[in-house]
Structures are given as C-alpha cells and as structure tokens.
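Worksheet: the structure to be examined is printed underneath.
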Amino acid sequence: MNYLDALNDRQKEAAIHTQGPLLIVAGAGAGKTKTITHRIAHLIETGVKARSILAVTFTNKAAGEMRERVHALLPEGVGTPLVATFHSLGVRLLREFHEEADLARGFTIWDRDDSIRAIKRILERMDIGEWTPRNILSTISRQKGDGVSPPEYEGRVHSFRERAVAQVWRSYDEALKAEDALDFDDLLARTLMLLQKNERVLSLLQNRWQYITIDEYQDTNKAQYEIARLLAGTARNLCVVGDIDQNIYSWRGADIAHLMSFERTFPGTKVVLLEQNYRSTRTILSAANAVIAKNVKRLEKNLFTENPTGEPITLYGSRNEIDEAWFIAQSCARLIENGTPADEIAVLYRENFQSRAIEEAMLAFSVPYRVLGTRFFERKEVKDTLSYLRAAMNPRGTADLSRIISVPPRGIGKTTLDKILSGQETTLPATARAKVTAFRETLAKIAHAINTLPASEAVRYCVEASGLDAMHKDDVEEGEERLGNIRELVNLAVRYDDAPPPEGIERLLEEAALQSDQDELSEKLAAVSLMTVHASKGLEFDAVFVTGLEQGLFPSLRDDTRDTEEERRLFYVAVTRARKFLYLTYAAQRMKYGSREFTLPSEFLEDIDQRLIRSLSRDSDSSTYNNDTGHVDLID
C-alpha cells in the first residue's frame with residue numbers, strides 16, 4: 001500500500017520529511033490529522049519501529065481519532081505507536097518512574113473540584129476572604145504551567161495578593177503530598193521536573209521515542225514546550241503541527257512564541273504550509289480569510305478551497321437575546337426538517353450565560369439539544385463510584401473519604417468525620433468506632449477486588465459492596481436513571497479488562513480525571529450541540545451559529561488585558577467550524593448580570609464583504625441580499 005497517494009503535494013512534502021525538525025503550519029480544515037497519520041505510516045514503512053514513535057495532542061478525542069487512523073493505515077503485526085495527550089503521557093511517566101519522581105505509584109489525581117474544595121478549606125483556615133478559591137487556583141495553575149515551583153514563586157512575590165497566593169500554595173502543596181495526590185497541572189510540572197533532574201530517565205526516554213510529533217503546538221504552555229524539547233534531544237526528530245491563527249488559550253498559559261520561534265529554536269527546520277481547506281465552502285472561507293488578515297502576529301498564509309461557493313452567510317440582527325434565541329431554534333428546526341442531521345448543527349457562544357435563553361427556545365420548538373460541559377464523569381452517582389475506587393486504592397485520600405463516608409448513610413456524621421480527618425479517631429465512642437471500622441473493611445474488600453479482578457468486575461463489585469446499588473434501587477424517582485449511568489461506567493471499564501489488575505482501574509480513573517468537554521461528543525446523540533467557542537476548537541459541523549456578536553461580548557472587553565488579536569482568532573476559529581451553513585447573530589439589547597444593556601454589532605462583522613451576507617430582519621421570513629447583484633464568489 002502506498003500511503004502517500006491520498007495526499008496533496010504539500011501534505012506529501014510533509015509526510016516524506018523523516019529526519020530533523022519539521023514545522024507544519026496547517027490552516028483550519030487543511031487535513032493536518034491526515035498528514036500526521038500518513039507521515040507516521042510512512043515512517044514505519046521505511047523501517048522505523050512503531051514503538052519508537054510518540055504522538056502527543058491535547059484532548060482524548062483528538063488522541064483517539066489519531067490512534068484509530070494510524071491503526072487503520074498500518075498492516076497487521078507492526079505494532080502501534082504511542083498516541084497520548086500531554087497529561088496522559090505525564091501520568092504514564094510518573095507511574096513508571098514513580099520512585100525517581102518521589103511519588104507513590106498509586107497516586108490519586110485530583111480533579112478541579114477536589115482542588116477548589118482544598119483551597120476553600122485553606123482560605124477559611126487562614127481567614128482570607130478577599131479572593132475566591134477558583135481565582136487562587138487559576139493563579140497557581142498558571143505558575144505551574146510556566147514551570148514555576150512554590151519556592152520560586154514565593155521568592156519573587158511583591159504584592160499582598162501574591163504573598164497570600166504563595167501562602168495558600170504552600171498549604172495546598174502540603175495537602176496534596178499528605179494524600180499522595182497530584183492535581184491536573186502537577187501531571188505536567190512533575191513530569192518536567194523528572195526530565196530536568198534525572199538524566200538517566202531522560203536518556204532512556206530519548207532512546208525509546210526517536211520520532212516525536214506534537215499536534216496543536218500553538219497551544220503549548222512552557223511546561224509542555226520544555227517536555228517536548230527535552231524528549232526530542234539531540235536527534236531533533238521533532239515534528240510540530242500548528243496554526244497561529246487558532247491560538248486561543250493564552251489565558252491558560254499557551255504561548256504563541258513557541259510556534260513563531262520554532263525555526264530559531266531548531267535551526268535547519270523544514271517548513272511546510274498546508275493551505276488547501278477541505279472543510280468549508282468558498283463563501284465561509286472568504287469570510288474567515290478577511291477576518292484573520294487584520295491580525296499582525298501571524299505566519300502569513302491564505303486558505304483556499306476547491307469546494308463549491310455554497311450558501312451565503314446568514315446575518316440576523318435581533319431585538320434582544322430572547323428574539324435571537326428563537327431565531328436560532330427556529331432555524332435549527334428548519335435545517336433538521338430539510339435534512340441536516342441534528343448532531344451536525346452547533347450553536348457557539350462567547351460566554352456560558354448565553355446558553356440559558358437558547359435552551360429555553362430549543363425546548364419551545366422541540367429541538368433536541370445537548371450542552372457541552374455536562375460531563376458523564378461529573379454526574380453524582382458516577383463520582384460516588386469513582387470516589388469509592390479511589391479511596392480503596394489510596395486510603396490517605398481525605399477528599400474521597402469525605403465524599404463517600406455517608407453515601408449511602410451509615411450513621412457516620414460530621415463530628416465523627418471531623419475527628420477522623422484530624423487524627424482523633426481513637427477518641428470516638430465505641431459505637432462510632434465500630435461504624436468506621438465496618439466502613440474501612442468495605443474499602444479493604446473493594447481494594448482486594450481492584451487488585452485481583454478485571455476492571456469491569458471490580459467496578460461491579462464496588463457498586464454492590466459499597467451499598468450504592470441498593471441505595472439507588474430504593475430511590476423510586478431517580479434511582480433507575482442513576483443505576484443506568486453506573487451500568488454505563490461498568491461498560492466503559494470493559495475496555496480495560498485486558499490490563500492486569502490494578503492497572504485497569506488505574507487507567508479508568510485516569511480517563512475520568514483527564515476527560516475534556518469534547519469527550520462527551522463520542523456519545524452519538526441526535527441533538528444540536530451548544531458550547532462555547534473555546535470548546536468547539538478542533539470540531540466541525542455542517543451548520544454553525546455564532547451568537548452574541550456584539551462589542552463587549554464578542555469581542556470580549558471584560559478587562560484591560562484582553563488581547564484583541566486573540567479575540568479575532570477566536571472568531572476565526574468559530575467561523576471555520578462550519579462546512580456548509582454559517583449563521584451570525586447579534587442583539588440590539590442584552591440582559592447582563594441583571595441589567596439590560598444596549599449594544600453595538602461586533603467590529604468583526606465589518607470585516608466580511610457584505611456581498612457574502614444575506615441579512616434577515618425580525619419582520620421578514622424571506623432572505624434578501626444586501627446588494628443588487630446577489631451572492632459573489634471572492635475566491636478564485
């Protein structure tokens with residue numbers, strides 16, 4: 001099989017470059033995943049062992065898609081390269097080299113809720129009320145992403161707030177260590193520390209993975225950038241793929257300079273531009289090119305397509321957010337009626353608060369929908385089950401203990417729990433001690449199951465031994481639905497049954513901790529997807545609604561530090577999610593934080609040639625062009 005026949009000339013140029021650094025600048029919809037996977041197949045065809053190849057991306061969904069595509073291209077028996085997210089790679093390395101990293105092999109991974117609860121307790125104990133736990137955690141997270149340790153941060157603080165953060169961070173770090181836990185950012189920070197401080201481990205990994213591919217390179221923070229650089233080593237067989245025009249995560253540490261300076265960091269880099277778009281119509285692409293051309297911080301490229309001209313872009317100026325929402329819901333209903341599958345429609349918004357009015361309108365028009373961000377692993381009954389598994393594997397974890405000790409009720413109250421957490425368990429009355437002992441015996445039985453049974457059987461045993469099964473069976477209102485979600489967790493665990501115990505449960509818990517919003521889309525539902533523009537990155541749909549296009553909302557003007565070029569990149573990302581139909585909406589008035597505000601249309605709308613737009617008004621059911629000559633194709 002010739003893997004290269006399916007590629008265009010630029011994609012092929014990238015795929016056959018196998019030695020030395022490679023920068024692939026891939027525009028939206030330009031087939032970057034296809035290029036990466038065919039390049040990996042070509043490497044293996046030329047004699048590179050699959051186990052010598054590492055590919056890293058940002059979401060489980062993207063990693064899963066890449067893994068499936070590579071597997072489909074390879075002949076039987078050649079093995080499969082490691083395809084992982086940065087965070088799952090960190091988990092793998094920290095478990096493998098846990099002694100070198102000074103960690104327990106079975107360390108627990110705290111999710112964001114665990115971290116916020118821990119910081120809330122610290123703030124209460126220190127009587128610091130000026131800042132929210134979420135705000136403090138955001139600062140700590142950003143510092144960890146920049147590779148800064150608590151002592152380093154503490155050594156350079158100046159303001160009162162920075163001193164408070166340093167104080168909280170120190171206590172937070174102690175809480176993590178006391179429970180053999182790492183938070184989401186530690187998975188990168190501790191991996192980087194391991195590679196920086198242990199030459200033997202670094203050398204072993206550089207020899208293990210001699211060909212490395214990093215997807216979405218424009219989204220790397222400093223820790224991810226350094227991990228990639230260190231693993232590449234002196235061989236420098238590092239292929240990075242990215243698009244500066246889609247850099248939209250600076251607020252969480254992504255540094256556009258990593259992509260801009262790649263050629264200086266790795267002299268002799270081969271640069272390949274992928275500019276042919278296979279996703280969108282010419283009309284949509286013309287609008288996208290016009291919008292992003294105003295940015296200064298970018299690598300010059302101009303997307304083109306051989307796709308049809310397509311439908312004009314629909315622009316709707318509504319009276320208020322209710323009118324806007326009804327237009328969106330009615331348009332979705334018409335699209336579905338005319339043959340567009342519901343799961344091929346997306347409604348994008350800049351801020352989460354915008355979804356409420358849209359959801360109400362969807363219900364009014366009986367349009368099936370789902371809101372990205374309502375994650376399976378965050379449902380209470382699923383979190384309870386996962387907490388039992390985690391507590392059984394890590395008895396030092398007080399967060400899980402606090403969650404499940406009274407679920408189901410077993411006569412252990414807050415006073416008893418406080419004494420357990422403060423190390424005063426021996427002072428409890430005999431009846432209370434007996435209840436705690438019985439609870440610990442239950443956890444020990446679950447731990448035995450985890451260490452001896454396949455993953456799905458261990459989860460099934462956990463649900464029964466813990467009493468969760470009986471508790472939900474007694475719940476006549478929601479019990480059946482909750483049991484259905486728990487059964488789905490058992491089904492999910494089946495995929496890890498081949499792993500030796502307790503590795504199967506470890507991997508299940510890792511998947512739960514590292515899940516992103518987009519992973520919800522792996523569950524096929526005939527429903528319109530509602531999500532923020534940030535959450536839509538990497539996705540594509542036949543029809544896309546970009547809503548709330550008003551000054552102050554999109555582009556956002558919430559603070560003085562807002563990067564106007566990043567806001568423009570965010571709009572570019574939104575527009576380029578659409579294959580066939582693009583709808584842009586704004587409101588003349590919008591309710592924000594309890595008060596009604598008059599608004600102005602977004603400046604981004606002025607960048608789009610009016611001949612590409614079909615404007616609709618509130619009083620008209622028919623579409624009218626803004627010019628006499630009708631729709632104009634601006635792409636040669």
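In this text the structure is predicted, and so the values were computed from the model without any measurement.
Counted by atom type alone, Glu226 and Gln224 present zero donor-acceptor pairs between their side chains at under 3.5 Å. Using a 3.5 Å distance cut-off with no hydrogens or angles, the side chains of Thr442 and Tyr388 do not pair a donor with an acceptor.
Annotation: His448, atom NE2; neighbour count of heavy atoms from other residues, nucleotides and ligands within 6.0 Å does not exceed 12. Within a 6.0 Å sphere centred on CG of Asp474, other residues, nucleotides and ligands contribute more than 12 heavy atoms. Counting non-hydrogen atoms of neighbouring residues, nucleotides and ligands closer than 6.0 angstrom, the CZ atom of Arg51 reaches no more than 12 such neighbours. Applying the 6.0 Å contact sphere to CZ of Arg134 captures no more than 12 heavy atoms from other residues, nucleotides or ligands. Counting non-hydrogen atoms of other residues, nucleotides and ligands closer than 6.0 Å to NZ of Lys445 gives a total of 12 or fewer.
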Please assess Phe86 against Asp219 for the test side-chain contact (heavy atoms from CB on, under 4.5 Å), listing each intermediate value before the final yes or no.
CA-CA 11 Å; Phe86 270 106; Asp219 291 335; over 6 Å; no
Apply side-chain contact (heavy atoms from CB on, under 4.5 Å) to Leu54 and Leu205, showing your working.
CA-CA 10 Å; Leu54 169 67; Leu205 295 176; over 6 Å; no
Taking it one step at a time, do Phe184 and His87 satisfy ring-ring contact (aromatic ring centres under 6.0 Å, His included)?
CA-CA 8 Å; Phe184 199 62; His87 289 89; 3.9 Å; yes
Test side chain to side chain donor-acceptor pair (under 3.5 Å) on Glu381 and Asn485; report intermediate values, then the result.
CA-CA 7 Å; Glu381 59 277 12; Asn485 288 330; 2.6 Å; yes
Chi angles and distances behind the side chain to side chain donor-acceptor pair (under 3.5 Å) call for Thr18, Tyr211:
CA-CA 8 Å; Thr18 59; Tyr211 294 85; 5.9 Å; no
Run the side-chain contact (heavy atoms from CB on, under 4.5 Å) test on Arg208 and Ser52 for me, step by step, so that the C-alpha distance in whole Å, both residues' side-chain angles and the decisive distance to 0.1 Å come before the verdict.
CA-CA 6 Å; Arg208 177 185 296 178; Ser52 298; over 6 Å; no
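For the atom pair Glu216 CD and Leu259 CG, the distance stands at 10.5 Å (nearest 0.5 Å).
Here the side chains of Tyr461 and Ile450 are not in contact, with every heavy-atom distance at 4.5 Å or above. Phe266 is not listed as a side-chain neighbour of Val240, based on a closest heavy-atom distance of 4.5 Å or more. You'll find the side chain of Leu417 reaches within 4.5 Å of the side chain of Ser402, heavy atoms only. Counting only heavy atoms from C-beta outward, the side chains of Pro81 and Leu74 approach each other to under 4.5 Å. Val459 is not listed as a side-chain neighbour of Tyr496, based on a closest heavy-atom distance of 4.5 Å or more.
Under 4.0 Å is where a charged nitrogen must lie from a carboxylate oxygen, and between Arg125 and Glu174 no such pair does. Comment: Asp384 does not engage Arg482 in a salt bridge, judged by the lack of any side-chain N to carboxylate O separation of less than 4.0 angstrom. Between Asp114 and Arg117 a salt bridge is recorded (basic side-chain N to carboxylate O distance below 4.0 Å). Under a 4.0 Å N-O distance rule, the pair Glu480/Arg487 qualifies as a salt bridge. Arg105 has a carboxylate O that lies under 4.0 Å from a charged side-chain N of Glu506, or vice versa, which qualifies the two as a salt bridge. Checked for salt-bridge contact, Arg507 and Glu503 meet the test: a charged N lies under 4.0 Å from a carboxylate O. Between Glu65 and Arg69 there is a salt bridge, since at least one side-chain N of the basic residue sits less than 4.0 Å from a carboxylate O of the acidic one. Between Glu478 and Lys380 there is no salt bridge, since no side-chain N of the basic residue sits under 4.0 Å from a carboxylate O of the acidic one. Here Arg379 does not pair with Glu488 in a salt bridge; the nearest charged N to carboxylate O distance is not below 4.0 Å.
Looking only at distances, no side-chain donor or acceptor of Arg170 sits under 3.5 Å from a matching main-chain atom of Pro150. A distance-only check finds a donor-acceptor pair linking the side chain of Asn451 to the backbone of Ala447 [under 3.5 Å]. Under the 3.5 Å distance criterion, the side-chain polar atoms of Asp146 are left unmatched by any main-chain donor or acceptor of Val148. Here the side chain of Asp173 pairs no donor or acceptor atom with the backbone of Trp169 at under 3.5 angstrom.
The nearest pair of heavy atoms linking Arg403 to Ser387 is CD-OG, 3.1 Å.
Aromatic ring orientation, His534 versus Trp251: perpendicular (interplanar angle above 60°, classes split at 30° and 60°).
Applying the side-chain contact (heavy atoms from CB on, under 4.5 Å) criterion to Ala26, with sequence neighbours excluded, gives Ile24, Lys32, Val241, Leu274.
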